[in-house]
Amino acid sequence: MQDYLFYIFSALTLLCGALIILSRNPINSAMFLVLSIASMAGLFVLLHAFFLAAVQVLVYAGAVMVLFLFVIMLLDLKVEQRRRINAFGAVTGLLAVGVIVWVMVTTMLGTSLPAVTEVLRHEGGTEPLGTLLFHQYVLPFEILSVLLLVAMVGAILLSKKDLK
Amino acid sequence: MSPVGPHHYLIVSGLLFSLGLLGVIMRRNLLVIYMCLELMLNAANLALVALSHFNGKLDGQIMVFFIITVAAAEVAVGLALIVALYRKRQTAHVEDLTSLKF
């Protein structure tokens, strides 16, 4: 059952990822990104990362995508009219990405990875993750809060009217 | 069908990363390029969560938690940059932004 769910969710994620690139309207791309992220949250649940699945839906599919849609509608982007695709760029891009896929797949298949472990059944819940976060990773957590503050100040400064 | 192992997840993650890279290379709209960047970040997240699960350790998931936070901050700043750029140039196409081109 879990295997079928894995195939369904990963197919959905990859399909929506492809449709992000293929759809011309930026709003459609954003919607497909939401679908892709939501199905990736399903993959997280299959990996017992329950808290991260919730955070993925809340932060990515919620906050980040609302921000994206807000900017798309603010800028009032039309459907891309100019579709004269640079043939040289397309061919070289496809070639480069194909080589990268080949390198990654051969490396991944050639490496021996740990087999499926059945040790931690309750892993990835809020409690073990929070314990680890506030004991071992407390310093990075605090640094991250400073980073968020810096990003907030930066975003406010950038959206000022007269940008110097 | 063989049981789903770490390889399956890693290959899905690699394919998703390449899709994002392809989008960054092929598309000409700044916002769509930005979305494809998010897709690449998500592919890395998937690989980290998969390896964290199959190793039986939670450190990878903490890493993903940090990455999600950094990505949210990055989106806020990046979209503010795009809006500022649009105000100045009235365009969101990379073909029109060539003042740094040699």
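What you see is a predicted model, and the numbers here were worked out from it, not measured in a lab. Sequence lines set the chain letters: A, B, ... in the order given, protein chains first and strands last, and positions in each chain run from 1.
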**Asked** Just by distance, do the side chain of B/His53 and the backbone of A/His48 share a donor-acceptor pair under 3.5 Å?
**Response** no

Does a side-chain heavy-atom distance below 4.5 Å link [X] with [Y]?
X: A/Ser159; Y: B/Val83; answer: no
X: A/Phe141; Y: B/Ile62; answer: no
X: A/Tyr60; Y: B/Val75; answer: no
X: A/Phe68; Y: B/Tyr34; answer: yes
X: B/Phe54; Y: A/Leu47; answer: yes
X: A/Asp3; Y: B/His8; answer: no
X: B/Phe17; Y: A/Val101; answer: no
X: A/Phe70; Y: B/Leu79; answer: no

Quick check on [X] against chain A: is it the side chain, the backbone, both or neither that has a heavy atom closer than 4.5 Å?
X: B/Leu85; value: neither
X: B/Tyr86; value: side chain
X: B/Tyr9; value: both

Give the member of [options] that has the highest number of heavy-atom pairs under 4.5 Å with chain B.
options: A/Met108, A/Met152, A/Met104; result: A/Met108
options: A/Leu43, A/Leu94, A/Leu67, A/Ile20; result: A/Leu67
options: A/Ile72, A/Leu109, A/Leu75, A/Thr13; result: A/Leu75

Subject >> A/Gln56 and B/Asn42 side chains, donor-acceptor separation under 3.5 Å >> reply: yes

Which atoms form the tightest heavy-atom contact between [X] and [Y], and what is the distance?
X: A/Pro128; Y: B/Leu58; value: CB-CD1, 3.6 Å
X: A/Gly93; Y: B/Ile25; value: CA-CG2, 3.8 Å
X: A/Leu33; Y: B/Glu38; value: CD2-CB, 4.4 Å
X: A/Ala155; Y: B/Ala76; value: CB-O, 4.2 Å
X: B/Ala80; Y: A/Leu158; value: CB-CB, 3.9 Å
X: A/Pro26; Y: B/Asn29; value: CG-ND2, 3.6 Å

Region of [X] in contact with chain B, defined by heavy-atom distances below 4.5 Å:
X: A/Ser29; value: both
X: A/Ala30; value: both
X: A/Met40; value: side chain
X: A/Ala18; value: both
X: A/Thr92; value: neither

Scored by heavy-atom pairs under 4.5 Å with chain A, the best of B/Ile11, B/Leu46, B/Leu15 is B/Leu46

Atom pair [atom1]/[atom2] of [X] and [Y] - distance to nearest 0.5 Å:
X: A/Leu22; Y: B/Met26; atom1: CG; atom2: CE; answer: 8.5 Å
X: A/Leu144; Y: B/Ile67; atom1: CG; atom2: CD1; answer: 11.0 Å
X: A/Ser36; Y: B/Met35; atom1: OG; atom2: CE; answer: 12.0 Å
X: B/Leu31; Y: A/Leu69; atom1: CG; atom2: CG; answer: 10.0 Å
X: B/Phe66; Y: A/Leu133; atom1: CZ; atom2: CG; answer: 5.0 Å

**Derivation and outcome, side-chain contact (heavy atoms from CB on, under 4.5 Å), residues B/Asp59 and A/Gln136** = CA-CA 10 Å; B/Asp59 302 65; A/Gln136 206 178 334; 4.2 Å; yes

* Trace of the side-chain contact (heavy atoms from CB on, under 4.5 Å) decision for A/Phe9 with B/Val12 -> CA-CA 10 Å; A/Phe9 278 133; B/Val12 169; over 6 Å; no

Path from [X] to [Y] over hydrophobic side-chain contacts below 4.5 Å:
X: B/Leu16; Y: A/Val99; answer: no
X: A/Tyr7; Y: B/Leu19; answer: yes
X: B/Val49; Y: A/Leu12; answer: no

